[in-house]
Amino acid sequence: MDRDLPSSCEQSIRSPSENPAEDSLSPETLASLRSLVITPSTPDTAISSIFQTLTRSLQLSRDPLVLHHTLKLFSDLASHRPSLSSSVSELVRSHALLSSDSTRLAAESLDVLASIAERGGTPVDLDDRSFVSLCFGPSVSVRSWLLRNAERFRIGPHVLLTMFLGFTRDPYPYVRKTALDGLVGLSKPGVVEDLDMIQGCYCRAVELLLDTEDYVRSAAVRAVSAWGLMLVAFNLETKLYWSDNLFVKLCSMGRDMSMEVRVEAFDALGKIEIVSADILLQTLSKRVSGTTKGMGSFGQCPAAEVESSASSVAGVLVHGLEDEFYEVRKSTCHSLRTLTIISAEFSEKALNLLMDVLNDDSMYVRLQALETMLHMATYGLLKVQGTHMHMFLGSLMDGNMSIRSATRKILKLVKLPNIETFKLSVDGIIDNLERHPQDEADIFSVLFHIGRNHGKFGMSIINEVFKEMELASEGKLGFDTARVAALLILAISALLSQGQHACNIPPIIFSYAVTLLGRISVALTDIMNQDALLAYLSQCSRSTRFSAMEFNLREDKPRLPAVTIASSSHSSNEINGTVGSPFQQGEDVAANLQYQAMREPMEVASSHVGYHLEVQDEVIRSMNLIFAKVKDIWPLIQSGFTNEVLRVLRSFKEELATFTSGSLRSVGAVAFALQYLRVVKQLAKVWEHFLPARKLCSGMGELDIALGKLETRLRELKSRFTGLSLEQELQILELLLLTCTLRLSKVESYCQVASLKKLSMTASHVESILKLGSIEPSNFMSEVGKLSYLTRTSSFGAPCDPFLFKELLKYFSLEQFVVFGRIDHIKAELVVPDNDSENHLPFVPRLPVGIPCEITLHNICSENKLWVRMTMDDESTQFVFLDLDLFGSSDEVRKFTYVVPFYRTPCAFSFTLRICIGMECSFEDVPPVKRYGGPDRELTFLCQEKEVHLSMVGEH
């Protein structure tokens, strides 16, 4: 017997005794054996002994609890020891449990067999008779489990359809719900093709819309939707009638008392692709109009049925958008994506409601409304009027980056009706740029597209505001503002849209644009590369009569061949654009003259840019080199060379310290890089606990502390820096997913529920970001997303297997961070003047005392929620909210003095307070905190804690 086995387990797996009854193991002993089964380091000899012991227990025991534990251990053995899978399967299959009187044990045996078979890629064959017999057993939970897992056992579809239809009348509501879900699973093409059977399933599901249980009605809505759509597809002659019928039935559930039912109803409405126009329009009006008395295809129905249908439909979408639960409002917005395509009149009226939704309290609802508008714009159905613009452009000022990004995507596609609306849009976009400079690249891209789509309007504005770009009296160029930079983008796009004959933009404007080459080229990477842009601007700065339309960025000619421009020294410079080369000259002579003509403007541009960008670019390049080296040390972390990793990271930190005295624009990026190095350092320390060949003496408590520090550093990285791109934010979220996975992969984890919730919320955040653009998730993100979904939909509700999460770690690889724009560092400075260990502030015991604080805030906007935290003796903590509206402007740096009240002064001669400033984490994947009289979410601290010394009046 292996010496590492516990004595109780060792005694239990000795050779069988003479009394068979004594070979039956107790439930406690079987539970203790599990730790040996799931531990990879357990020797094969011990595993073999455990297998023999479990075999005897399965054959001799009659205790249901013992048999339950035995089957669970067999499942674990097959999972963690694949070589034993076939032996376990044969043993369980040959045992009499499948034919015993206990349906619960039979179901558990089937579960073990199915799990083993699925890992091998083959389902378990169970004859229809045995399945039906087990379903009619006395155990309700077994009946539900069998119906829910029927597809794992190759049961014939006609048997399943009969069983599911029959059990929709079961007296137990959960069985009815499971049967309805099973019917949904059968509503696939090729499974049931009999029209009467399809209609029967639909009608049965409609009956259960009136069930007394909420979750049964939710399942009924899904079944009605699934079989109703099949009915529509199979009835080509009466397609509109059945589609209208389905639409009305689902609308009737839009006012259900249960929030979950209403969400299901509106989700289902979004799947309907055809419905009568008058019925559709009635959903937007709470008053039944006279024109809808016929209710479309219901015109031949009895008057009572028509009236009932009209009442069900009337204003249902309005009710959905006004619902008290954000989930319902979000679902209603999503359903409008499909419905607005059906009717242009409906689309126009629905847009008025969607504009009101942009003021919704929930970020999720606002974002869904914008995604619906984007869908409408893609199909050319978004007819924006002047009355809409103020509310729509207000979304550009939203504090959430996803909202602003979605709004700008719509502006790229929308067709504006007149120049007044165009001017209003341009002003709104420029205000967005001044308010959120971190969005500059995306904003410039929007201005380019909107200018190209409205070329005449763009030229009109440029000619009106040309004076803003003229030379100032001191001889300096007046383009160093966000507004002028945006107008330069507009000028470029207008020229490309209108061409040489219609364009009358002064050429000097394009010489201004050359000086902003770096910022502009980043925004136009999907149109042309930087070399092509420089050549184009240089030529245009000499004369706008150059054939601007040779760029030809129309959709019908998406790509042009590259052109070689030869110099007098017979060298060549090939200009390759993302969409196509701008110069498509017919003769080499013209190309050569063009090259000579643009040499001088290029040299002028270089002199204008000069030192303005050189220092900034050098710092960014150096930091990106460091980030590349950090990526290269990941194999060292995986191999456990922690000391070497820490030494390398220390050298990187020293190198970054040399940049802090450079350009002010690079200070935020340097601070971000330093914080990222702290994250990698902490990750290396945490990873050391997960090395198979390294046995640390630390306990679980030390690992929890290390993981907590890693989460804190990542939270600071995510919340204390602005200007991050979606790719950079995804990389931070991936590290948060890794932290949750590491915590869940420990067998001894005591916070599994909280960690699973955090993992699920972070995975949802990742999914929402991936929907915004064309970013591909890493393998690790994809695998974590799959497992997160499985844990949320688990039918057993048991704690998740830590080894499933441990398997995910092999997919993770540290990706390289790339800094390419301005990053601002959110921080605070706190000083309590004239206070130290020798100079105390006076106080009176049991009475409030004011702490005078000199506070400096950097890059704090009005949407941030700041709190002053004061802690005394690690026991008493008090929070005071900082209302930023009371402290003047919203500049990048704010300085003010504030007297912070502390109410819990002790009855003592003196005491010490620790005081600091924290900011609430505003991102959605941070769960709320139950705290009375303090912040609603976790705080990220913006400065070091300061000690404040106080003494009783008369003592100091």
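Just so it is clear, the values below take in all heavy atoms, side chains as well, and ignore hydrogens, waters and symmetry mates.
There is no side-chain donor-acceptor pair under 3.5 Å between Glu273 and Thr338. In the model, Ser258 has no side-chain atom that pairs as donor or acceptor with a side-chain atom of Arg217 under 3.5 Å. Of the N and O atoms on the side chains of Arg176 and Thr168, not one donor lies less than 3.5 Å from an acceptor on the other residue.
Taking the six-membered ring wherever Trp is involved, the centroid distance between the rings of Phe780 and Tyr811 does not fall below 6.0 Å. Ring centroid separation for the pair Phe136 and Phe131 does not come in under the 6.0 Å cut-off.
A heavy-atom distance below 4.5 Å is found between the side chains of Phe805 and Leu808. Side-chain contact between Phe247 and Leu339 is present, with heavy atoms from C-beta onward closer than 4.5 Å. In this structure the side chain of Asp170 never reaches within 4.5 angstrom of the side chain of Val140, judged on heavy atoms. With contacts defined as side-chain heavy-atom distances shorter than 4.5 Å, the pair Leu134/Leu110 qualifies.
Side chain of Ser243 to main chain of Lys239: no donor-acceptor pair is present (N/O by atom type, distance under 3.5 Å, no hydrogens or angles). A donor-acceptor contact shorter than 3.5 Å is absent between the side chain of Thr178 and the backbone of Arg148. Under a 3.5 Å cut-off, the side chain of Arg143 and the backbone N or O of Val175 do not form any donor-acceptor pair. Not one N or O on the side chain of Ser760 forms a donor-acceptor pair closer than 3.5 Å with the backbone of Leu756. For Thr283 (side chain) and Val316 (main-chain N/O), no donor-acceptor pair under 3.5 Å exists by modelled atom type. Here the side chain of Thr332 pairs a donor or acceptor atom with the backbone of Val328 at under 3.5 angstrom. The backbone N or O of Lys249 lies less than 3.5 Å from a partner atom in the side chain of Ser252, making a donor-acceptor pair. Not a single donor-acceptor pair under 3.5 Å links the side chain of Thr238 to the backbone N or O of Tyr241. When atom types are taken as modelled, the side chain of Asn149 and the backbone of Trp145 share a donor-acceptor pair closer than 3.5 angstrom.
To the nearest 0.5 Å, the span separating CG on Leu737 from CD on Glu783 amounts to 12.5 Å. Interatomic distance, CD1 of Ile272 versus CG of Leu250, reported as 5.0 Å (0.5 Å rounding). From Leu738, atom CG reaches atom CE of Met781 across 11.0 Å, with rounding to the nearest 0.5 Å. Taken from CG in Leu759 to CG in Leu787, the straight-line distance is 7.5 Å, to the nearest 0.5 Å. Atom CG of Asp267 is separated from atom OG of Ser218 by 10.5 Å, given to the nearest 0.5 angstrom. Rounded to the nearest 0.5 angstrom, Gln368 CD and Tyr364 OH are separated by 12.5 Å.
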Listed pairs under 3.5 Å, donor-acceptor, residues 190-202 side chains, sequence neighbours left out:
from, atom 1, to, atom 2, distance (Å)
Asp194, OD2, Asp196, N, 3.2
Asp194, OD2, Met197, N, 2.9
Tyr202, OH, Asn245, OD1, 2.6

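A salt bridge does not link Glu213 to Lys177: none of the charged side-chain nitrogens sits closer than 4.0 Å to a carboxylate oxygen. With respect to the salt-bridge test (charged N to carboxylate O, under 4.0 angstrom), the residues Asp704 and Arg743 qualify. We find that Lys330 and Glu327 are not joined by a salt bridge, their nearest charged nitrogen and carboxylate oxygen being 4.0 Å or further apart. Under the 4.0 Å criterion applied to side-chain N and carboxylate O atoms, Asp44 and Arg81 are assigned as salt-bridge partners. Salt-bridge check for Asp323 with Arg262: passed, with a basic side-chain N closer than 4.0 Å to an acidic carboxylate O.
Residues that satisfy the side chain to side chain donor-acceptor pair (under 3.5 Å) test with Thr55, not counting sequence neighbours, are absent from this structure.
Closest approach of Val112 to Leu71, counting heavy atoms only: CG2-O, 3.6 Å. Summarising the geometry of Val184 relative to Trp227, their closest heavy-atom pair is N-NE1, 4.2 Å, with the distance given to 0.1 Å. The two residues Leu707 and Leu742 make their nearest non-hydrogen contact at CD2-CB, 4.0 Å. Taking all atoms of both residues into account, the shortest heavy-atom contact from Ser335 to Leu317 is OG-CD2, 4.1 Å. Among all heavy-atom pairs drawn from Arg255 and Ser312, the shortest one is NH1-O, 3.1 Å. Between Leu809 and Ser745 the shortest heavy-atom distance is CD1-OG, 4.4 Å.
Taking the six-membered ring for Trp and thresholds of 30 and 60 degrees, Phe51 and Phe74 have ring planes more than 60 degrees apart, a perpendicular arrangement.
Here the rule is side-chain contact (heavy atoms from CB on, under 4.5 Å) with Met163, and of Val132, Asp128, Leu146, Ile155 only Val132 fits it.
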